[in-house]
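Below: the structure, in structure tokens.
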Amino acid sequence: MNSDSDLQIAGDILEVPHLLQPPREHPATVAEFVGLARAIAADRSQWAHLVQYDATTRWYHRLRTGPGYEVWLLSWVPGQGSGLHDHGPSSGVLTVLEGTLTERTERGTRVLEPGAQRVFAPGYVHEVVNDALEPAVSLHVYYPGLTEMPMHTRCAAEAVPLA
């Protein structure tokens, strides 16, 4: 049995700076987009002062853009919803910042509380609704940037709670 550790064999990678990848200026992986959403969510100074509520329609504001992606801030008063839709060729990360939102898909219904995140690929069909009695705020990251949002008819199997 060999008793040499990987560190003894290869050395400490942190001691060899040329082997480390430089930090990226913009996200490029799903994990990095999720991290971007979490970082923005954690820093209320980036978004809280921008939030507005509109009783007639969902309010939205493009918070940031980068190479190939967009970050949107949305507010939802009670009863407002997105309608059943997908995001065309875009993947996304939905993060609830304040309040509670309900996501409905053909697989069922999921309640999303502050801090909850949903990651989805192109073609993912869902509806997001504020079924609560208080307003809600959410953050949406799309890659590539959102160019279309096709609407769909109702799911065949609705309101089946997801575990």
How far apart are the C-alpha atoms of Arg110 and Arg118, what are their side-chain angles, what is the distance that settles it, and do they pass the side-chain contact (heavy atoms from CB on, under 4.5 Å) test? CA-CA 10 Å; Arg110 179 172 285 149; Arg118 301 289 293 141; 2.6 Å; yes
Can Thr153 and Leu84 be said to form a side-chain contact (heavy atoms from CB on, under 4.5 Å), step by step? CA-CA 7 Å; Thr153 57; Leu84 195 61; 5.8 Å; no
Report the C-alpha distance between Leu101 and Ser138 in whole Å, list the side-chain angles of each, state the deciding distance to 0.1 Å, and finish with yes or no for side-chain contact (heavy atoms from CB on, under 4.5 Å). CA-CA 9 Å; Leu101 294 172; Ser138 59; 3.8 Å; yes
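Cluster membership for Leu74 and Tyr53, using ILVMFWY side-chain heavy atoms within less than 4.5 angstrom, is not shared. Val34 and Leu94 fall into different hydrophobic clusters, defined by Ile, Leu, Val, Met, Phe, Trp and Tyr side-chain heavy atoms under 4.5 Å apart, directly or through other members. Val129 and Val125 end up in different hydrophobic clusters when Ile, Leu, Val, Met, Phe, Trp and Tyr side chains are linked at under 4.5 Å. Under a hydrophobic-cluster definition in which Ile, Leu, Val, Met, Phe, Trp and Tyr are linked whenever side-chain heavy atoms come within less than 4.5 Å, directly or via other members, Leu97 and Val119 are assigned to the same cluster. Placement of Leu36 and Val96 in two distinct hydrophobic clusters is found when ILVMFWY residues are connected by side-chain heavy-atom separations under 4.5 Å, directly or transitively.
Between Leu63 and Trp72 there is no side-chain heavy-atom pair separated by less than 4.5 Å. Taking 4.5 Å as the limit, every side-chain heavy atom of Leu112 sits out of range of all side-chain heavy atoms of Thr102. Residues Thr100 and Asn130 fail the side-chain proximity criterion, which asks for heavy atoms closer than 4.5 Å.
Taking the centre of each ring, His85 and His126 come in below the 6.0 Å mark. Taking the six-membered ring where the residue is Trp, the centroids of Tyr69 and Tyr142 are separated by 6.0 Å or more.
Between His87 and Phe120, the two ring planes are parallel [angle under 30°; tilted spans 30° to 60°].
Summarising the local packing, CD of Glu148 is surrounded by more than 12 heavy atoms from other residues, nucleotides or ligands at distances under 6.0 Å. A 6.0 Å sphere centred on OH of Tyr124 holds more than 12 heavy atoms belonging to other residues, nucleotides or ligands. Few gaps surround CD on Glu32; more than 12 heavy atoms of other groups in view lie less than 6.0 Å from it.
Remark: Arg104 engages Asp131 in a salt bridge, criterion side-chain N to carboxylate O under 4.0 Å. The pair Glu70-Arg64 does not meet the salt-bridge criterion, since no charged nitrogen lies less than 4.0 angstrom from a carboxylate oxygen.
For the residue pair Ser82/Glu127, the side-chain donor-acceptor check at 3.5 Å is not satisfied.
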